[in-house]
Engineer: 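There's a structure below that I have some questions on.
Order of listing sets the numbers, starting from 1, for every ligand and every atom in it. Sequential numbering from 1 along the given sequence is applied to the chain's residues.
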Amino acid sequence: MAQQIVRCKHVESELTRFLAGLNFDGIFLLTDENADKLCLPHIQSVPALAAAKKIVIPAGDEHKNIETISRVWQFLTDNGATRKSLLINLGGGMVTDLGGFAAASFKRGIPFINLPTTLLGAVDAAVGGKTGINFNGLKNEIGAFAPAIAVFIDASFFRTLDHANLLSGYAEMLKHGLLSSPKEVDALLQFDFDRVDYEKLNDLLFESVLVKERIVQEDPREEGIRKALNLGHTFGHAFESLSYQTQKPILHGYAVAYGLVCELYLSFLRLDFDKNLLLQVAHFAKAHYGKFPFDCNDYPQLFKLMQHDKKNENNTINFTLLKAAGAVEINQTATEKEIFETLDFFREYL
Ligand SMILES: NC(=O)c1ccc[n+]([C@@H]2O[C@H](COP(=O)([O-])OP(=O)(O)OC[C@H]3O[C@@H](n4cnc5c(N)ncnc54)[C@H](O)[C@@H]3O)[C@@H](O)[C@H]2O)c1
Ligand SMILES: [Zn+2]
């Protein structure tokens with residue numbers, strides 16, 4: 001399952017070198033309408049891309065579906081793709097998820113490369129081998145585990161990303177830091193969002209991607225320790241769903257940031273997680289992600305959403321918690337009382 005993670009200073013030269021060492025009989029480029037305009041110019045001078053056949057799909061998660069992937073398969077067929085052809089996915093998580101699955105399924109699998117152009121894509125979606133599309137209104141319902149042969153990490157793509165999408169991806173970096181070590185959390189909490197230093201971001205990002213890659217390599221199919229990556233996501237998914245139900249949708253990473261605060265509080269309650277670090281993370285979330293407004297009338301609904309989380313087994317709500325930064329405990333649970341107390345803390349603090 002190992003995939004090469006290439007840390008780029010200049011994605012053009014890294015990609016040029018990488019492609020020169022590969023053997024393929026055709027090259028295809030998949031991108032969405034935004035990445036086509038904003039990101040393709042970053043790699044336009046790569047010689048091997050001159051002959052690439054490009055397919056541009058509409059942007060947005062609502063297009064991560066069977067109709068779009070069917071168009072991609074059709075394009076590959078019409079343009080003579082074979083098992084020795086290479087697909088390059090240039091875009092955010094929507095493009096790398098859909099493109100990865102298109103490659104994994106076309107002729108039972110052709111090689112593909114991911115060039116993530118959003119922070120969320122780089123830190124999460126493009127690495128780890130999960131690919132897929134939404135189906136029947138369910139997220140990522142159809143897909144496959146299929147790693148890219150390489151993922152190119154270059155934060156200069158993010159210069160055109162809006163602040164909210166940058167912060168959304170950053171929440172997953174914070175999660176990786178918490179799974180890794182106090183030192184990494186500390187470095188992440190100090191990042192200056194008022195004057196974004198993209199080189200510094202690239203360094204932090206690369207470390208962060210390696211945290212995910214290490215965990216995935218240990219457990220590619222999520223049978224055990226890969227559940228560590230669910231930190232912040234039990235509360236997070238409930239917040240995300242509530243935000244959709246109340247027609248005030250928030251980005252996934254915002255829900256994760258709020259979820260992290262809650263699950264660190266739960267870690268403090270159940271596993272004696274350091275209160276001081278909990279407060280530092282809560283302070284960071286408050287300063288950057290702002291408020292997530294709900295009141296105690298929403299508690300039963302949030303609880304119900306957590307009970308229906310697909311991560312649960314044997315009817316108990318499943319959490320990944322921490323004894324300390326880097327000391328992960330998977331398969332934890334909590335009582336309704338503890339969950340409500342956590343929501344109280346969250347509302348008081350944020
Ligand atoms: N496979 C996994 O393990 C995994 C993990 C996390 C998320 N995901 C998936 O990733 C998707 C979310 O990823 P996302 O947030 O990147 O969404 P996205 O790909 O929809 O990108 C968000 C928006 O940013 C635009 N964009 C892309 N690059 C840009 C750039 N450099 N500058 C300006 N705009 C740019 C896109 O066109 C889009 O409008 C979801 O489909 C989610 O299910 C998958
Ligand atoms: Zn996530």
Engineer: When you look for heavy atoms under 4.0 Å from ligand 1, do you find them on the side chain of Lys139, its backbone, both, or neither?
Structural biologist: side chain
Engineer: For ligand 1, which part of Leu120 has a heavy atom less than 4.0 Å away: the side chain, the backbone, both, or neither?
Structural biologist: side chain
Engineer: Do other residues, nucleotides or ligands put more than 12 heavy atoms under 6.0 Å from the CD atom of Glu62?
Structural biologist: yes
Engineer: Nearest to the Zn ion (ligand 2), which N, O or S atom of Glu172 do we find?
Structural biologist: OE2
Engineer: Is there a nitrogen or oxygen of Thr131 sitting under 3.5 Å from a nitrogen or oxygen of ligand 1?
Structural biologist: no
Engineer: So, for Leu87 and Ala103, which heavy atoms are closest and what is the spacing to 0.1 Å?
Structural biologist: CD2-CB, 4.0 Å
Engineer: Give me the ring orientation class for Tyr265 and Phe268: parallel if the planes are under 30° apart, tilted from 30 to 60°, perpendicular past 60°.
Structural biologist: tilted
Engineer: Does the plane of the ring in Phe284 sit parallel, tilted or perpendicular to the ring in His288? Use 30° and 60° as the thresholds.
Structural biologist: tilted
Engineer: Report yes if Val127 has an N/O atom closer than 3.5 Å to an N/O atom of ligand 1; otherwise report no.
Structural biologist: no
Engineer: Check each heavy atom of Asp32 against ligand 1 and say whether those closer than 4.0 Å belong to the side chain, the backbone, both or neither.
Structural biologist: side chain
Engineer: Run the ring-ring contact (aromatic ring centres under 6.0 Å, His included) check on Phe112 and Phe28 step by step: do they pass?
Structural biologist: CA-CA 9 Å; Phe112 67 100; Phe28 291 82; over 10 Å; no
Engineer: Would you say atom 4 (C) of ligand 1 makes contact with the protein, given that contact here means a non-hydrogen protein atom less than 4.0 Å away?
Structural biologist: yes
Engineer: What atoms in ligand 1 come closer than 4.0 Å to a heavy atom of Phe157?
Structural biologist: 31 (N)
Engineer: Could you list which atoms of ligand 1 come closer than 4.0 Å to a heavy atom of Thr160?
Structural biologist: 30 (C), 31 (N), 32 (N), 33 (C)
Engineer: Can you report which non-hydrogen protein atom sits closest to atom 25 (C) of ligand 1, along with the distance?
Structural biologist: Asn34 ND2, 3.9 Å
Engineer: Say whether Lys212 and ligand 1 are in contact under the criterion: heavy-atom distance to a ligand atom below 4.0 Å.
Structural biologist: yes
Engineer: Under a 4.0 Å threshold between the charged nitrogen and the carboxylate oxygen, would Lys130 count as salt-bridged to Glu222?
Structural biologist: yes
Engineer: Do me a favour and list the nearest non-hydrogen protein atom to atom 28 (N) of ligand 1 with residue, atom name and distance?
Structural biologist: Thr117 OG1, 2.7 Å
Engineer: Under 3.5 Å, is there a donor-acceptor pair between the Thr82 and Asp25 side chains?
Structural biologist: yes
Engineer: Tell me yes or no: between the side chains of Asn318 and Asp309, is some donor less than 3.5 Å from an acceptor?
Structural biologist: no
Engineer: Vertex the Zn ion (ligand 2): angle to NE2 of His252 and NE2 of His233, to 10°?
Structural biologist: 110°
Engineer: Distance to 0.1 Å, residue and atom name: give those for the protein heavy atom nearest to atom 24 (O) of ligand 1.
Structural biologist: Thr118 CG2, 4.1 Å
Engineer: For Asp97, is at least one N or O under 3.5 Å away from an N or O on ligand 1?
Structural biologist: yes
Engineer: What protein heavy atom sits nearest atom 20 (O) of ligand 1, and how far away is it?
Structural biologist: Met94 CB, 3.6 Å
Engineer: Just to be sure I read this right, does ligand 1 sit under 4.0 Å from the backbone of Cys39, its side chain, both, or neither, counting only heavy atoms?
Structural biologist: side chain
Engineer: Taking all heavy atoms of Gly100 and all of Asn89, pick out the closest pair and write down the distance.
Structural biologist: N-ND2, 3.4 Å
Engineer: Under 4.0 Å from any heavy atom of Gly92, which atoms of ligand 1 are there?
Structural biologist: 16 (O), 19 (O)
Engineer: Just heavy atoms, cut-off under 4.0 Å: does Glu172 contact ligand 1 by side chain, backbone, both, or neither?
Structural biologist: neither
Engineer: Pull out every atom of ligand 1 sitting under 4.0 Å from any heavy atom of Asp61, numbered as shown with elements.
Structural biologist: 40 (C), 41 (O)
Engineer: Could you tell me which atoms of ligand 1, counted from 1 in the order shown, lie closer than 4.0 angstrom to a heavy atom of Lys130?
Structural biologist: 1 (N), 3 (O)
Engineer: Would you call Lys227-Glu313 a salt bridge at under 4.0 Å N-O?
Structural biologist: yes
Engineer: Is it true that a side-chain atom of Thr118 and a backbone atom of Gly92 form a donor plus acceptor pair closer than 3.5 Å?
Structural biologist: no
Engineer: Is there at least one pair of N or O atoms, one from Val95 and one from ligand 1, spaced under 3.5 Å apart?
Structural biologist: no
Engineer: Which label fits Tyr258 and Phe346: parallel for a plane angle under 30°, tilted from 30 to 60°, or perpendicular past 60°?
Structural biologist: perpendicular
Engineer: How far is atom 8 (N) of ligand 1 from the closest protein heavy atom, and which atom is that?
Structural biologist: Ala125 CB, 3.5 Å
Engineer: Going by the atom numbers of ligand 1, which of them fall below 4.0 Å from some non-hydrogen atom of Ala59?
Structural biologist: 37 (O), 39 (O)
Engineer: Salt-bridge test for Asp295 and Arg347: reply yes if a basic N is under 4.0 Å from a carboxylate O, no otherwise.
Structural biologist: no
Engineer: Using heavy atoms and a threshold below 4.0 Å, how should the contact between Asn140 and ligand 1 be classified: side chain, backbone, both, or neither?
Structural biologist: side chain
Engineer: Are Lys286 and Tyr349 in a cation-pi contact, defined as NZ or CZ under 6.0 Å from the six-membered ring centre and within 45° of the axis?
Structural biologist: yes
Engineer: Please check if any side-chain donor atom of Asp154 sits under 3.5 Å from a side-chain acceptor atom of Asn202, or the reverse.
Structural biologist: no
Engineer: Going by an N to O cut-off under 4.0 Å, is there a salt bridge joining Lys200 and Asp192?
Structural biologist: no
Engineer: Does the N or O separation between Ala35 and ligand 1 drop below 3.5 Å for any pair?
Structural biologist: no
Engineer: Check whether any heavy atom of Phe158 sits under 4.0 Å from an atom of ligand 1.
Structural biologist: no
Engineer: Applying a heavy-atom cut-off of 4.0 Å, say which part of Leu251 lies close to ligand 1: side chain, backbone, both or neither.
Structural biologist: neither
Engineer: Between the side chain of Thr31 and the main-chain N/O of Leu90, is any donor-acceptor distance below 3.5 Å?
Structural biologist: yes
Engineer: Which atoms from ligand 1 have a heavy atom of Lys64 less than 4.0 Å away?
Structural biologist: 40 (C), 41 (O), 42 (C), 43 (O)
Engineer: Which protein non-hydrogen atom lies closest to atom 17 (O) of ligand 1, naming both residue and atom, and how far is it?
Structural biologist: Gly93 N, 4.0 Å
Engineer: For atom CG of Asp78, decide whether the heavy atoms of other residues, nucleotides or ligands shown that lie under 6.0 angstrom number more than 12.
Structural biologist: yes
Engineer: Got the closest protein heavy atom to atom 34 (N) of ligand 1, with its distance?
Structural biologist: Leu161 CD1, 3.8 Å
